[in-house]
Every structure is written in C-alpha cells, then in structure tokens.
Amino acid sequence: MTEISARYSPAETEARWYQHWMDKKYFASTPDDREAFTIVIPPPNVTGVLHMGHMLNNTIQDVLIRKARMQGKNACWVPGTDHASIATEAKVVKMLRERGIKKSDLTRDEFLKYAWEWKEEYGGIILQQLQKLGASCDWDRTAFTMDEVRSEAVYKVFVDLYEKGKLYRRKRMVNWDPEAKTVLSNEEVIYGLENSRLFHVKYAIEGSDDYLVIATTRPETIPGDTAVAVHPDDPRYQHLKGKKVIVPLIGRVVPVIFDEYVTMDFGTGALKVTPAHDVNDFDLGVKHKLETVDVFNDDGTMSAEAGIYPGEDRFVVRKKFADDLESAGFIEKIEDYKNNVGRSERTNAVVEPRLSLQWYVDMKAIAGPALAAVESDDIEFFPKNQKNLYRHWMENIRDWCISRQLWWGHRVPAWYLGEDTFVAENEELALEQARVKTGNANLEASDLRQDEDVLDTWFSSWLWPISVFDGFNDKKQLEYYYPTNVLVTGWDIIFLWVARMAMAGFEWTGKKPFHHVYFTGMVRDKQRRKMSKQLGNSPDALKLIEDYGADGVRFGMLSCSPAGGDLLFDEKLVEQGRNFCNKLWNAMRLIKGWEGDSDKGMSDLDAIATQWLEAKFNTVVKEVEDNFASYRLSEALITIYSFIWDDFCSWYLEMIKPGQDEKIAAGTLDKTIAIFSSICSLLHPYMPFITEEIWHQLNPEKQDDCIVSAFPIYKEGSDVVLNAVEHAKKLITQVRELRSKNGLKSRDSFPLIAKKTPNTETYFTLPGYREVCLKMAGLEDFSLSTDDNAVGISFITDAENYTALVNISIDVEKELEEKQKELTHQLGFVASIEKKLSNERFVSGAPADVIDREKKKLSDGKERIQLLQSEIEKLKSL
RNA sequence: GGGAGGUUAGCUCAGCUGGUUCAGAGCACCUGCCUUACAAGCAGGGGGUCACUGGUUCGAAUCCAGUACUUCCCA
C-alpha cells in the first residue's frame with residue numbers, strides 16, 4: 001500500500017487549498033460578458049465571533065456561489081461587516097469600564113477614538129473565521145457599513161427621504177432602553193410573558209370616605225398618575241361622574257375620566273392613567289388634555305419630579321413603594337400575575353415607554369412596491385409560507401424610528417439653528433442652506449448645531465445590496481450585479497432587514513434587491529433551545545472545524561437543514577461529515593493503489609460496471625439539479641452522499657476491484673478516475689477542500705482545479721444496463737441475506753440458478769452481467785434454467801425466481817410459513833390492483849403512465865403468486 | 001385575542017403535482033465479520049394503525065373539515 005494515511009486529516013489540506021484559491025484569485029469578480037451570479041452576505045457584527053448560525057448561513061451561501069461559479073457564471077459573493085451601533089457601543093462601554101474609564105467622562109470624539117481603535121483591533125476577526133469555513137467571498141470587495149462609501153449612501157438616502165417628505169422628526173411615545181439609554185424601534189423589542197404581581201391599590205374619592213380600586217403591575221409609576229379612567233357604560237362607576245380621586249401617598253388630586261378605551265372586565269374596570277409612561281395612557285392624556293409627569297430618568301431611575309426615592313432604580317422602587325402603600329393601608333390585595341414584558345433585543349433591559357423627540361421614516365409611503373413584489377413572487381421566498389408573515393407586517397406597517405441616542409454610528413445629518421432644521425449630506429451643504437435661509441452670508445459652521453443622535457444600524461443595512469456596489473455612484477457595477485440572485489438569511493430578521501431592503505431597493509433603484517430569499521432556520525440545541533451565549537449551549541464553532549474539518553462541519557450543518565426549518569444541532573451530524581470525508585479519502589487511497597495495465601483490455605465486468613455507474617451518476621445529477629432548483633440543498637447533499645457511499649464505494653469499487661496482486665485494466669482505471677473526478681465536481685460546492693485535494697491526488701499531472709471545473713450536466717441515456725444492474729444488486733443482497741440467515745460464511749460458495757424469463761434472458765445477454773453477479777454474490781456458478789425441479793433454497797427478486805443450490809438442511813415448516821405469509825400478502829396486493837383496474841373511472845381518469853405502471857404491478861404480482869405457489873408445492877412434497 | 005405552522009421508526013427529520021413492488025434516511029438498536037481502501041469500517045437485520053375523527057376520491061401520509069396536543073409570529 002502507499003504511504004498515504006488511512007485517516008483523512010483536514011487541517012493542513014484546508015489551509016493549503018484556501019491559500020491556493022486565493023493566489024489564483026478564483027473568488028475575485030469583475031464585470032465581464034458572462035452572466036453574473038451575485039450574493040451579498042448578511043453582514044455579521046464587526047466585533048462578532050463565528051457562531052453556529054453564521055456557519056449554517058454562510059455554508060449555504062458558499063454552496064450556491066461555488067455551484068454558480070462552476071456553471072460558468074461570474075460568481076460574486078460580497079463580504080462585509082455591520083457596525084452594529086448599539087451592540088458595539090455596549091461592548092466598547094464595557095471595555096472602557098474595565099479599564100476604569102466612564103463613558104460619561106469622555107467627549108464624543110474621545111469615545112469614538114476608542115471605538116475605532118477597538119474596531120481596528122477586533123473588527124473583521126469573524127471574516128477570517130469565515131475563511132476557515134471555506135467561504136469563497138470576493139475579499140477585495142469587503143465592505144463595512146461605516147466606511148466612506150457606505151456612509152455616503154446613508155447620508156444621501158436620509159436627505160433624499162427628507163426632501164421627498166418621507167422622513168420627519170416628531171415627539172411621541174417611544175420604546176426606551178434604559179440600559180443603553182437609547183430609543184429602539186418596535187422591531188427591536190422582544191415581548192415575552194413574565195411573572196409579576198398585580199397590585200390592587202385604593203384611590204380615595206375626594207370629599208368622601210369611599211375609594212375605588214385600581215389594579216396595576218407598576219406601582220412605581222403611581223407618582224405619574226394624572227387621571228383615573230373608567231368605561232362610560234360601567235354601572236359600578238356612574239356615581240363618579242365629575243368626581244376627583246386622590247393619588248395614594250402622593251396626594252395629587254386627579255379627575256376621573258370616562259373613555260370607551262377602558263376594558264370593563266380587566267381588573268376592577270378602573271385604570272390609572274400615566275400619560276408619560278404608557279402609549280395608551282398617552283393617547284388618553286392627549287384626548288382629555290391631561291398633565292404629563294415624567295417619573296423616570298433616562299437610566300430607569302426615579303426622577304426628581306416623581307418625588308419618591310429619587311435616583312433609585314425603578315424595580316427597587318416598585319417593591320419599596322408597594323411596601324409603603326401596604327403599610328399605609330392602600331393595598332387591597334396582591335395577586336400573582338403573568339404579563340407581557342418588552343425587553344431590548346440587545347441589552348435585555350425592560351423597555352420603558354417614554355415620550356421623546358425622534359426621527360422617523362414614513363413607511364407607508366415606501367412599502368407599496370416591496371409588498372407587491374413578494375405577493376406576485378417577483379421576489380420569491382423559500383419557503384413560501386414566510387410570505388404570510390411578510391404580508392401581515394407590511395400591511396400593518398408602522399413608522400420606523402431611526403434615531404438612536406448613541407455615539408457609535410452614522411450621525412443624523414441634520415443641523416439646527418434656532419427654530420430651523422437643515423438636512424444635508426454634510427456640514428458645508430447645511431451651512432449653505434442656512435446662509436440662504438437666514439440671508440446671513442457670514443454664518444459659520446460653528447453657529448449650527450448638529451443633531452446629537454446617530455441612526456439605527458438597520459438604516460445602513462437596508463441599503464446593503466446597493467451600497468456594497470457603490471450603487472449610488474457607480475451605476476455600471478450596479479447594472480451588472482444587481483438585483484442580486486439570492487439572499488440567504490434567518491427568518492428572525494425578515495422585518496428588521498429583508499423587508500426594509502426590499503423597500504430601499506425599489507425606492508432608490510426602482511428594482512428589487514434580490515430574486516430569491518432563502519430563509520434558514522435557527523440552530524438549536526437538542527433541547528430545542530436557541531443557541532446563545534447566555535445559555536452557553538453553543539459549541540465553539542472554530543473548535544468544531546478544528547476537530548472535524550471544515551468539510552465535515554459543512555456536511556453536518558447542511559445534511560439536516562431544510563429551508564426555514566430549525567436545525568437541531570447534534571455533534572453526531574458533524575461526526576457523520578467527518579466519517580464521510582474519511583470514506584472519500586479511502587476510496588481515493590484504494591484507487592491510487594491500483595496499477596494500470598495498458599496491455600489488459602477492459603473486461604466485460606468492468607465495462608458493465610462502468611456503464612451502470614455512469615448511468616446512475618447521470619440520474620443523481622438530474623436529481624441534484626432538481627433539488628437545487630427549489631433550494632432543497634439538504635436533499636441534494638444526501639443524494640450525493642448515498643450515491644458515493646453506496647453506489648460508488650460499496651458497489652462499483654467492489655465490482656471492479658482487481659484480485660490480490662493483479663493489475664487493473666488501464667481503461668478501467670482511467671474511467672474510474674474520470675468518474676471520481678466528476679463526483680468531486682458534483683460534491684465540491686458542499687465539501688470544497690477534500691474534493692480539491694482528491695481531484696489533485698487523482699490527477700497529479702493536471703493543472704486545473706476542481707473549484708473551477710465544470711459542474712456535471714445531465715445527459716439523456718438508455719436505462720437497459722441501469723435496470724439490469726439494479727436488479728442484480730437486489731439479487732446479490734438476497735444471496736447475502738440467505739447466507740447470513742443460514743449461518744454460511746461469505747466464502748461458502750454455491751451455484752445459483754435463474755429461472756428463464758424474458759427479463760432474466762435479457763439480463764444474461766448483457767456482457768458482464770453474469771460476472772458481476774458471480775463476483776459480488778460470491779457464487780460458484782450462475783445460470784439460466786427452465787427446470788423447475790432444482791433442489792435448493794428459492795427466493796424471488798422483483799418478479800424473478802432464483803434457486804440457490806446449497807446443500808444444507810432447511811427448516812421446511814418455517815420456510816413454508818414464510819412463503820405462505822408472503823403469498824397471502826401478494827394475493828391481497830393483486831386483488832387491490834385488480835379492483836383498481838376494473839374500475840371504469842380509474843381507467844378513464846388516471847394518466848396513461850399510471851395505468852401502465854399499475855398493469856405492470858399486476859402482472860408482476862401475478863407472476864410472484866405463481867412462483868410462490870409452485871414453491872409451496874415443492875416444499876410440501878419434501 | 002388574531003394569525004401561521006407542526007404531529008410519520010426509540011431520537012432528528014425527508015416524503016415535491018394524491019398513484020413506483022405495498023412509507024425512506026441518518027443516528028440509536030440487534031446479529032455476524034480485525035474480508036489485504038476505510039472498525040471514523042464491512043455484510044445482514046428488526047422496528048411505523050403516517051396524532052385522532054369524519055369527508056372528498058377509483059385511490060389519501062399527501063387534499064378538505066373538525067378535535068387533541070404542540071411550536072412560533074403579531075397584539
């Protein structure tokens with residue numbers, strides 16, 4: 001044997017080939033006259049590290065892009081990172097705190113300097129990790145949402161929307177994250193049921209000893225109460241018209257208002273109204289002209305205005321103030337309760353509704369074409385059912401709050417001077433506007449005050465498919481690469497990202513940003529929990545690649561991940577991938593160990609084996625192609641996997657394997673290498689490293705690479721050999737089973753007789769057919785016979801009868817019982833088909849090929865019944 | 001409260017337009033093998049009333065309705 005190890009070791013191979021591909025610039029794309037195939041990466045957070053979700057998502061993209069490249073398209077996969085303003089700022093703040101620096105002690109510029117330093121140091125690590133996975137991105141195009149080109153696009157778009165009147169600044173209720181101290185969009189708030197307590201609090205009615213009870217989960221907001229509301233039809237409260245109540249412990253006298261908004265059957269039917277801290281209360285406040293008392297600071301502590309526990313955290317105060325109320329006798333009862341609590345997607349802090357002045361995009365003004373495109377499948381979703389979710393959100397779309405009270409991000413391009421607002425792409429342009437507006441030519445930039453806020457990260461992400469091609473400037477690039485072919489992303493960001501990209505696409509290019517959207521599922525652990533850092537249930541992605549190889553990991557991620565379906569990650573899957581690599585490796589070792597003999601002609605056996613394998617490969621190519629067309633990537637992979645493992649290794653290689661110390665016919669060896677090379681091409685998109693390695697091991701003199709080889713194409717061909725060998729495989733398996741059942745060793749040989757029928761006769765006329773059976777079943781002889789009286793063990797394959805002339809005592813009783821059982825089954829089977837075929841409506845209604853198939857089933861079934869009956873007769877006569 | 005899915009082998013899932021010889025795969029399990037490519041392997045095997053009830057149909061795991069359980073999204 002050769003010196004090649006029996007175990008495939010990926011580490012060295014993978015690094016070497018990745019470098020080779022980079023050196024050859026295979027990933028680089030420039031526009032030419034070929035058809036473009038474009039994917040833009042969902043940009044990971046610039047400070048992120050590779051996790052399971054990234055691996056799944058990026059493996060899928062790599063499979064698609066590699067296949068397109070092999071199919072002769074100009075494949076372009078654009079990588080990049082997202083500045084992730086809130087997440088990154090939080091990380092930087094934490095890093096500074098560890099160094100003893102408080103953000104509040106820094107100026108904006110000082111803070112940003114630290115942030116950029118951090119970005120330069122840790123940013124992009126994730127891109128290097130993607131290379132380990134084999135991602136064939138055009139790295140020369142690496143973009144960052146905060147680099148110059150992408151930032152320019154953001155400012156342009158902001159100005160454009162403002163000028164079109166589709167962007168505005170307004171004071172309204174927002175979702176406030178007291179930890180990050182910024183506003184959030186609706187989509188960044190995650191709601192969940194949480195355990196809490198429902199306090200029933202007594203509010204005294206002014207000028208009487210009576211009181212009314214209000215149920216609330218938030219007693220700490222009581223200092224902000226400026227009214228109590230009840231339903232106008234509620235019989236319990238009719239006597240309170242025109243009355244006032246006293247806010248407990250606070251002493252504020254507030255009116256009882258009557259509004260149909262109040263639900264009569266919740267709690268006591270009376271509602272405390274805190275306009276500053278609840279969206280609905282705010283609306284009530286506006287309607288009834290109520291006073292607004294803001295009881296919180298921006299970090300969620302009590303404000304001076306609240307008058308109780310100033311500076312203390314809202315949750316601490318909830319308990320303290322409830323205790324105060326209780327000891328003062330204002331609590332009627334406390335119930336355990338589950339309510340929906342909104343938390344910040346990034347910081348997990350409980351979101352506080354808050355009145356605030358922010359910038360918004362008028363989404364209704366831009367949503368139309370993006371909704372229509374998905375409705376009509378112009379943008380096609382895989383899987384389709386995500387359309388419903390998308391439609392629902394788009395039809396109920398709310399304005400998008402895009403300003404954030406952070407420093408890391410694109411600063412809002414708006415400048416203020418007195419009452420005036422100047423929105424412009426840069427300071428000079430804003431100044432110009434200001435000079436014109438005020439008529440004061442001596443106005444200086446320092447007279448203007450720029451908005452302090454930055455923009456939501458997604459306000460740059462939604463431009464990504466355009467901005468990565470510098471599409472707001474370079475129309476030629478955009479023309480060539482855009483719309484992109486497919487977007488691969490998780491369904492969890494369908495609103496945050498996918499829908500907004502669709503809107504941006506139509507708004508600024510007049511075209512959709514992508515033809516297809518492939519939604520991946522979430523990677524979960526075996527207990528179905530989403531993988532997360534907090535839970536610590538996520539395996540270390542890089543460790544996995546180290547342990548199992550990138551190809552093994554890619555196989556594991558993909559072998560079990562239907563579009564949109566969640567992937568329950570199990571290390572077993574990756575193990576299977578590694579084992580598959582080893583299988584391929586050893587198939588290569590075997591072939592490389594063979595010595596070709598150019599004087600030796602190809603035997604009939606070699607010829608039929610080769611023809612069969614080629615035909616089978618052809619059907620696999622077809623199936624793979626069909627699966628790809630509908631993004632059934634997992635199915636395509638499994639198809640290739642079983643073809644390689646079963647057909648190629650277990651059957652084909654065993655068929656043509658030369659005897660010990662024998663040489664193989666050169667023609668057979670060449671054909672085998674050719675087919676194995678084609679197999680490498682077919683598998684390459686999934687497992688790029690090992691296929692490249694084997695490709696070169698098989699063809700040491702070849703200069704070209706598997707990565708740019710032609711992806712196999714389906715060709716029409718005859719099925720005669722294919723069908724014959726498929727029958728032979730079943731027959732051989734049954735002979736092996738017969739051995740196993742009767743305790744025979746694999747070297748115990750015996751003759752086999754095939755009953756002569758048109759089918760078996762046809763098989764026997766195929767050169768090499770008999771030899772395949774002899775070799776694979778380990779037979780002494782294999783012949784056709786019309787003689788029904790041969791003594792031995794009989795069995796049926798498809799509808800053919802075979803008798804093994806093996807001289808062992810058989811358990812007649814057991815054998816009879818089995819045959820009898822089989823006969824009963826067959827009789828039932830035939831009866832059901834006969835019924836079907838005698839049915840007028842079936843024969844007239846069903847398509848011709850279905851009827852033909854049924855007829856074949858019937859005749860085969862009848863054939864089998866006859867065979868079984870004669871077998872039974874024979875057994876009985878023994 | 002509104003909506004969308006799911007329920008197929010012990011586990012995780014395929015099963016596409018209703019029709020291949022009577023439901024497949026991987027893992028797990030059982031039996032036999034250190035057969036000179038691979039024990040990360042080879043050969044063979046067992047295991048399913050396709051959640052339940054009804055309907056449509058010549059024919060239903062597949063389509064429809066209802067029930068139960070379950071997951072998710074929105075409020």
Side-chain angles (χ1 to χ4, degrees), chain A residues 1-2 4-8 186 191 340 383 385-393 396 491-492 494-495 522 524 526 528 548 552 556 559-562 564-573 575-594 626-627 629-630 632 634-635 638-639 641-642 645 649-650 653-654 657 659-661 730 732-741 743-747 778 796-799 825-826 828-830 832-833 835-847 849-854 856-858 860-861 863-864:
Chain A
M1 199 61 247
T2 58
I4 306 171
S5 158
R7 294 265 167 100
Y8 169 64
N186 297 321
Y191 291 91
N340 231 348
N385 59 8
Q386 298 290 344
K387 267 173 86 170
N388 296 320
L389 199 63
Y390 179 89
R391 183 191 311 115
H392 184 261
W393 188 74
N396 297 284
W491 51 257
D492 53 333
I494 186 168
F495 309 138
M522 301 291 107
R524 295 173 189 278
K526 274 196 272 185
R528 279 193 187 279
Y548 295 96
S559 65
C560 189
S561 53
D566 287 352
L567 164 64
L568 268 63
F569 184 78
D570 184 340
E571 206 149 314
K572 276 268 189 298
L573 294 170
E575 205 176 296
Q576 198 190 341
R578 180 201 57 183
N579 295 353
F580 184 36
C581 287
N582 210 45
K583 188 73 185 176
L584 284 160
W585 184 252
N586 277 290
M588 177 209 75
R589 274 204 325 142
L590 175 67
I591 294 167
K592 278 191 68 115
W594 287 340
D626 290 348
N627 281 326
S630 45
R632 277 190 252 268
S634 189
E635 283 83 348
I638 294 303
T639 303
Y641 172 83
S642 22
W645 200 297
C649 293
S650 297
L653 290 179
E654 294 298 336
K657 196 186 225 172
Q660 211 169 351
D661 303 321
K730 285 185 225 168
I732 292 158
T733 301
Q734 279 177 285
V735 172
R736 288 169 176 171
E737 187 184 344
L738 182 152
R739 269 207 187 84
S740 162
K741 273 201 173 146
L744 296 172
K745 297 264 183 240
S746 56
R747 48 185 165 276
I796 298 164
T797 306
D798 291 332
H825 183 84
Q826 289 297 335
F829 174 67
V830 162
S832 80
I833 297 173
K835 191 179 142 216
K836 198 185 280 190
L837 281 170
S838 62
N839 187 311
E840 255 324 291
R841 301 189 52 187
F842 172 69
V843 179
S844 57
D849 61 317
V850 171
I851 293 172
D852 285 350
R853 241 181 345 229
E854 291 299 322
K856 172 89 167 58
K857 272 157 73 174
L858 183 66
D860 285 357
E863 186 72 26
R864 269 198 303 272

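Every chain is numbered from 1, with letters handed out A, B, ... down the list of sequences.
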Please state whether the base of B:A37 and the side chain of A:E654 form at least one donor-acceptor pair under 3.5 Å? yes
Just how far, in rounded Å, is C1' of B:G44 from NZ of A:K745? 14 Å
Tell me if a side-chain donor or acceptor on A:S650 pairs with a main-chain N or O of A:W645 at a distance below 3.5 Å. yes
Starting at the 5' end of RNA chain B and moving along, which residue's nearest nucleotide shows up first, A:F495 or A:K572? A:K572
Assign each of A:N627 and A:K657 the nucleotide of RNA chain B bearing its closest heavy atom; nearer the 5' end lies the nucleotide of A:N627
When the C1' atoms of B:U36 and B:C27 are compared, how many Å lie between them, rounded to an integer? 31 Å
What does B:U36 pair with, Watson-Crick or G-U, if both distances are under 3.5 Å? none
When rounded to whole Å, the NZ to C1' distance for the pair A:K730 and B:G44 reads 18 Å
Identify whether any heavy atom of A:C581 sits under 4.0 Å from a base atom; if not, whether one sits that close to sugar-phosphate; answer base, sugar-phosphate or nothing. nothing
Of all the choices, B:G41, B:C38, B:G45, which nucleotide is nearest to the side chain of A:E737 once you look at every atom? B:G45
Using atom P in both nucleotides, what's the gap between B:G48 and B:G19 to the nearest angstrom? 23 Å
Is A:S740 near enough to B:G45 that one of its side-chain N or O atoms lies under 4.0 angstrom from OP1 or OP2? no
Please name the nucleotide paired to B:C16 by Watson-Crick or G-U wobble geometry with both distances under 3.5 Å, or report none. none
Taking A:T639 for its side chain and A:E635 for its backbone only, find out whether a donor-acceptor pair lies under 3.5 Å. yes
At less than 4.0 Å, is any side-chain N or O atom of A:K741 found next to OP1 or OP2 of B:G45? Yes or no. no
Quick one: pull up CG in A:L573 and CD in A:E571 and give me the separation to the nearest 0.5 Å. 10.0 Å
Audit row: A:Y390, A:I494, side-chain contact (heavy atoms from CB on, under 4.5 Å) steps and yes/no: CA-CA 7 Å; A:Y390 179 89; A:I494 186 168; 4.1 Å; yes
Counting Watson-Crick and G-U wobble pairs only, both distances under 3.5 Å, name the nucleotide matched with B:G66, or none. B:C52
Output the rounded distance in Å from NE2 (A:H392) to C1' (B:G2). 7 Å
Report yes if a side-chain nitrogen or oxygen of A:W645 is closer than 4.0 Å to either non-bridging phosphate oxygen (OP1 or OP2) of B:C42; otherwise report no. yes
Counting heavy atoms from C-beta on, name the nucleotide in B:G45, B:G15, B:A4 closest to the side chain of A:R632. B:G15
With the side chain of A:E635 defined as its heavy atoms from C-beta on, choose the nearest nucleotide among B:G15, B:G45, B:G26. B:G15
Interatomic distance, CG@A:D798 vs CD@A:Q734, rounded to 0.5 Å, equals 8.5 Å
Taking the same atom, C1', in B:A39 and in B:G18, what whole-Å distance lies between them? 45 Å
Watson-Crick or G-U counterpart of B:A43, or none if no pair lies under 3.5 Å: B:U31
Please state the P separation for the pair B:A23 and B:C33 - nearest whole angstrom. 33 Å
Between C1' on B:A39 and CG on A:N579, what's the gap in Å once rounded to a whole number? 11 Å
Spacing of A:L653 atom CG relative to B:U36 atom P, expressed in whole Å: 16 Å
Would you indicate what A:Q576 reaches in the nucleic acid, counting non-hydrogen atoms under 4.0 angstrom: base, sugar-phosphate, or nothing? sugar-phosphate
Separation of B:A43 atom C1' from A:L738 atom CG, nearest Å, is 14 Å
Considering only atom C1', compute the distance from B:U12 to B:A68 and round it to an integer number of Å. 24 Å
Quick one: CE on A:M522 to CH2 on A:W491, what's the gap to the nearest 0.5 Å? 5.0 Å
For A:E575 and B:U12, what is the distance between atoms CD and C1' respectively, to the nearest whole Å? 15 Å
Using whole Å, what does the distance between atom P of nucleotide B:C74 and atom CG of A:N340 come to? 10 Å
Partner lookup for B:G1, please. Criteria are Watson-Crick or G-U wobble with both distances under 3.5 angstrom; report none if nothing qualifies. B:C74
Is any side-chain heavy atom of A:F495 closer than 4.5 Å to a side-chain heavy atom of A:N186? no
At under 4.0 Å, does any side-chain N or O of A:N396 touch on OP1 or OP2 of B:C74? no
Does the B:A40 base have a donor-acceptor partner in the side chain of A:R7 within less than 3.5 Å? yes
Phosphate OP1/OP2 of B:G44 contacted by A:T733 side-chain N/O (<4.0 Å): yes
For B:G5 versus B:G10, give the span between their P atoms, rounded off to a whole number of Å. 28 Å
Would you say a side-chain N or O of A:R578 is under 4.0 Å from OP1 or OP2 of B:A40? no
Between B:A37, B:C72, B:A40, which nucleotide gets closest to the side-chain atoms of A:W491? B:C72
Would you please classify the geometry between the A:Y641 ring and the A:F580 ring as parallel, tilted or perpendicular, with 30° and 60° separating the classes? perpendicular
Roughly how far apart, to the nearest Å, are B:U62 and B:G1 at atom C1'? 33 Å
If only side-chain N and O atoms of A:K583 are considered, is one of them under 4.0 Å from the OP1 or OP2 phosphate oxygen of B:C42? yes
Classify A:S650 by what it touches in the nucleic acid, base, sugar-phosphate, or nothing, heavy-atom distance under 4.0 Å. sugar-phosphate
Taking atom P in both B:G54 and B:G44, compute the distance separating them and give it to the nearest angstrom. 42 Å
